[in-house]
Amino acid sequence: MTDIPTRYDPRKIEEEIYASWSGENLFHADEKSPGKTYAIVIPPPNVTGILHMGHALNNTIQDVLIRWRRMQGFETLWMPGTDHAGIATQNVVERELGREGLHREDLGRDKFLEKVWKWKEDYGSTIIRQLKRLGCSCDWERARFTMDEGLSNAVKEVFARLYEDGLIYRGDYIINWCPRCGTALSDEEAEHHEVEGMLYYIKYPVKGRDRLDKENEDYIVVATTRPETMLGDVAVAVNPKDPRYSGLKGKTLILPIIKRELRIIFDGDVDPEFGTGALKVTPAHDPVDFELGARYGLPRVNVMYPDGRINPLGGDYEGMDRFECRETIIEDLKDRKLFVRAEKHVHAVGHCYRCHTVVEPRLSRQWFVKMKPLAEDAIRAVKEEKIRFYPDRWRKVYLDWMENIRDWCVSRQIWWGHRIPVWYCRDCLKYENVRDVEISGPGKPGIYVGKEPPGKCPACGGTDLEQDPDVLDTWFSSWLWPFSTMGWPEDTQELKTFYPTDALVTAQEIIFFWVARMIMAGLRFRGEIPFRDVYIHGTVRDSTGTKMSKSLGNVIDPLDIISEVGSDALRFSIISITSQGQDVFLSKEKFELGRNFANKLWNASRYVLMSLEGTDLSGGIDQARLSLEDRWILSCLNETAEKVTKSLEAYRFNDAASALYDFIWHKYCDWYLEISKLSGDKDTTGKVLVKVLKAALRLLHPFMPFITEEIWQKMPEKTSKWIMTAEWPAPGREELDKFADAASVRQMETLIGVISAARNVRSFWNVEHSAKVDLLLNAGGREDKKLIKENTRHIEQLARCEVKAVGEDVSRPGQSVSALVGNIKLFIPLGGTVDIEKERSRIDKKIADLQRYLGGIEKKLSNKSFLEKAPEDVVRKEEEKKRKFEEQIRNLRENLAAFE
RNA sequence: GGGCGAGUAACUCAGCUGGUUUAGAGUGCUACCCUUACAAGGUAGAAGUCACAGGUUCGAAUCCUGUCUCGCCCACCA
């Protein structure tokens, strides 16, 4: 046993253990197994991704849940996989091409997709490998990818069903457009950040009166943050109640530079308070203006190319980038004396969530899903608590979003993704470009929607068919994940066994993107909720509170941490510092908590194994031979098992972790191990040491899977070959209950109190470490006396003293100090070694503290209402407290007096 | 403009279904100790008017109202 190193080195051990679990096929979930099941699905990480701290937290939590349930005897499924991340992946591959001076158009669609697949084969499993390194016990045989055949089939099925149900349409709306990625984005994919921009005030002359030297009558001043969009202006809107503009009825304005005539419209939605109260209307470049345009039948003038440059409708500005155009227009307006002023203006600007380019609200023909009909059931499921959020506050966030849901723009102008399963017949439609086709619902001739190419047009029999060039939003496959991964639309055994799943663990950022949509999809297509519990963990931030992200360079790489302190330490640390739903602020030092704990456990186990030599562990534990500390530690174990189990049930992971930390470190190691060294009954002590350690290891296993397995393998008398599949120690099981003993807890607390008090005296009065002191104990109660007599050796050894006398008639010797523990009074003669003058101020301060507390209690007890209204036991406790304080004060005074 | 979260020891955070807590933990700090599991350790200790102001209550870190500071989310103020 001495060959076990004193320092725990996780590096080699962790990978070896993972390989052996894998070799034993312990991760596999059997869908045919009868009995209770527990299933979760991984929030699929992006194939281009590498493991970051958010993943580490997210997957540790899931692994804790699944390992715990597995040990509880559930048939557990943890379905892993990755998502194809259309835009992000395409960007990565395009960047590679760019290094060779190529564009995707140079390759063509098919060749480009080949490249992406190749890239995916080469690099797409990085994150899977990293999750394994973290210890995740996913059923890897079932790993899915959103572009797999099965999942793609589900995507097409869903698209076709939605189309048939009239929930899909294609039309012109303002969408969020990323000029860099060249594609539409959903509302959720445009991240709004507060930006300090400018609000520009510009004069729009009144037609026929374009002499600009007069006030008011000759022009209107409009305010805008995006002057370049004025190229697409078709009107100016004012509030009909705004007196400043009442004289403008029937007039026309002239758009500067372009010289287009602009209508003046009067609409109550215009806020007279903002800017000048006059709003320039650009229906093709702003959602509000689009609405106004639709209301008043205004033309839509789109002045930009997809890449954000100005198109020929922008006149002289054609070819300019939108921001360059902004500057230029301002300069030109200044030249023409049409520029009034610019003021700083903070507003929220949308940014592409993949490349952070400023998003352009832009008129575009896209595919949309009608969401309101889907949301109804999803709202009900949460209101009826079929699905619960942890913490509960997210329920409200979810419902707010769901109740105000807007249609979902699902088409993307990229190549990597699920191609929209729509074919157009040129003969029927007579469109030159299929992008021009508008579709408001099913039944339009020349449109075919289905899983496979139709071969010929079902309407006219023509063969000149073209598939829609766009692909679907990646989330259009992710929202099907809980059931598409289990073989839907087939009614597979997997679905029957594991759907609905039990818990979803994810971050708040993804509630709308993913959680909400999965609920809608599950209810719509499978007819059942996808999961019962949604646990929303916090966001991982750095120590300054900013979100960790690669671009900010503030990341702590989990793999660095793993290679420094091990996966167990990472897991335990991160679980310990994340209380339910609070954000996690990380710094490297925080991982020392887990590292030190692993080391402590390692060494304690090492000691236990060493101490076992020569002991006989055969046979069960004979209860009659249990000592006080044996009964105590077994009771504490029982209590800990209960606490850990309850905490996990309530998704209170840090509570579970801290219960284990406290039990293993401060009870088992600090007290039980130390006392066990003094045991006279080595066989019984050995049995208890092992029994408690084995149970503690199992309780800890979900949090620190590797080290617990490693130690387990060295343990004698195992009931299970692997700790990973060992039974969860819960009260009521494994005979923990019969050792629970409240009296032992009370007595042990007293004993610990006596030992600590004696140590405290030694330390307080600066007694030399090696010096032995005498100890006299005044104890009246029978139980106390018995306790001390039976444990004299423990007191003497652990407090480095010699017990000289015990009894109710023991009185204070001269030149001694004393301490109180319950009803026991300790006397320690210190002879002339004490410099009382030096200590007087410390004691005085202590007395003052105690008196402050005492004052509070006395005040309470003299309050008539308190005595009348407070429960009896509370009053009694207050009285006890009072007595205790009084006695402590008296005692300290006596200590002083003893040396006067 | 709405909504949410946070403000507790030097630092990072628990506790917040009101009284078993003289408000806890980890780190840091102080003193002593390499005591044959562990110095990534042991023993002991110092350290907090629980952001502020009111209110409810016999009793508030905990419940209510308001204020301030910070952070996040949502929203068509151009």
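In what follows, chains are A, B, ... by sequence order, proteins preceding strands, each numbered from 1.
- A:Glu273 comes within contact range of no nucleotide atom at all, as no heavy-atom separation falls under 4.0 Å.
- Under the salt bridge (charged side-chain N to carboxylate O under 4.0 Å, His left out) criterion, A:Arg883 pairs with no residue at all, not counting sequence neighbours.
- Below the 3.5 angstrom threshold, one finds a donor paired with an acceptor across the side chain of A:Glu674 and the base of B:A37.
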>> Using ring-ring contact (aromatic ring centres under 6.0 Å, His included), reason through A:Tyr296 and A:Phe266 one step at a time and then give a plain yes or no.
In response: CA-CA 10 Å; A:Tyr296 297 94; A:Phe266 295 85; 9.6 Å; no
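- For A:Tyr200 against A:Thr225, the heavy-atom pair with the smallest separation is CE1-O, 4.1 Å.
- Listed candidates were B:G19, B:G41, B:A40. Nearest to the side chain of A:Lys600 is B:G41.
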>> Across nucleotides 27-34 of chain B, 5' to 3', mark each nucleotide with B, S or - according to how protein heavy atoms within less than 4.0 Å reach it.
In response: -----SS-
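- No side-chain donor from either of A:Tyr173 and A:Asp407 sits under 3.5 Å from a side-chain acceptor of the other.
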> Would you write out the dot-bracket form of RNA chain B, 5' to 3', with Watson-Crick and G-U pairs under 3.5 Å, [ ] for crossing pairs, | for pairs to other strands and . for unpaired bases?
Replying inline: (((((((..((((.....[....)))).(((((.......))))).....(((((..]....))))))))))))....
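- Using a 4.0 Å heavy-atom criterion, one finds that A:Arg759 contacts the sugar-phosphate atoms exclusively.
- Base engagement by A:Leu673 is indicated by at least one non-hydrogen atom pair under 4.0 Å involving a base atom.
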>> As a quick check of understanding, evaluate salt bridge (charged side-chain N to carboxylate O under 4.0 Å, His left out) for A:Glu878 and A:Lys881, giving each step before the final call.
In response: CA-CA 5 Å; A:Glu878 291 296 325; A:Lys881 261 196 238 169; 3.4 Å; yes
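- At the heavy-atom level, A:Lys882 lies nowhere under 4.0 Å from the strands shown.
- Nucleic acid contact class of A:Gln582 (heavy atoms, under 4.0 Å, all strands): sugar-phosphate only.
- The CG atom of A:Leu850 sits 6.5 Å away from the CG atom of A:Leu892 when rounded to the nearest 0.5 Å.
- Backbone-only engagement by A:Ser756 is indicated by non-hydrogen atom pairs under 4.0 Å involving sugar-phosphate atoms exclusively.
- Under 3.5 Å, the side chain of A:Lys677 and the base of B:A37 form at least one donor-acceptor pair of N or O atoms.
- Residue contacts for A:His285: at a heavy-atom cut-off of 4.0 Å it reaches no nucleic acid atom on any strand shown.
- With distances taken from any side-chain atom of A:Phe274 to the nucleotides B:U22, B:A78, B:C73, the minimum falls on B:A78.
- Within 4.0 Å of A:Val270, counting heavy atoms only, lies at least one base atom of the nucleic acid.
- A distance of 10.0 Å separates CD1 of A:Ile536 from OG1 of A:Thr539, quoted to the nearest 0.5 Å.
- Counting non-hydrogen atoms under 4.0 angstrom, A:Asn863 reaches the backbone sugars and phosphates but no base.
- Closest non-hydrogen pair, A:Glu228 versus A:Ile329, comes out as CA-CD1, 4.0 Å.
- Checked for salt-bridge contact, A:Lys667 and A:Asp662 meet the test: a charged N lies under 4.0 Å from a carboxylate O.
- An OP1 or OP2 oxygen of B:A23 is reached within less than 4.0 angstrom by a side-chain nitrogen or oxygen of A:Tyr853.
- Taking only distance into account, the side chain of A:Gln888 meets the base of B:U22 through a donor-acceptor pair shorter than 3.5 Å.
- Residue A:Arg226 is classed as having no contact, given no heavy-atom separation below 4.0 Å to the nucleic acid.
- Here the side chain of A:Thr225 is nearest to one of B:A37, B:G42, B:A78, namely B:A78.
- Taken from CZ in A:Phe653 to OG1 in A:Thr578, the straight-line distance is 9.0 Å, to the nearest 0.5 Å.
- Summarising the geometry, the separation between CG on A:Asp655 and P on B:U17 is reported as 13 Å, rounded to the nearest angstrom.
- If you take NZ of A:Lys881 and C1' of B:U21, they are 8 Å apart, rounded to a whole angstrom.
- Using a 4.0 Å heavy-atom criterion, one finds that A:Arg395 contacts no nucleic acid atom at all.
- Residue-level contact check: A:Ile577 touches neither bases nor backbone, having no heavy atom under 4.0 Å from any strand.
- Contact between the side-chain N/O atoms of A:Lys869 and the OP1/OP2 oxygens of B:G19 is not found at any separation under 4.0 Å.
- Distances were taken from every side-chain heavy atom of A:Arg393 (C-beta onward) to each of B:C4, B:A75, B:A44; the shortest belongs to B:C4.
- Across all strands, A:His193 comes closer than 4.0 Å to no nucleic acid atom at all (heavy-atom distances).
- Here B:U43 presents its P atom at 13 Å from CG of A:Asn760, a figure rounded to the nearest Å.
- Between A:Lys280 and A:Asp289 there is no salt bridge, since none of the side-chain N atoms of the basic residue sits less than 4.0 Å from a carboxylate O of the acidic one.
- Within 4.0 Å (heavy atoms only), A:Pro361 reaches no atom of the nucleic acid at all.
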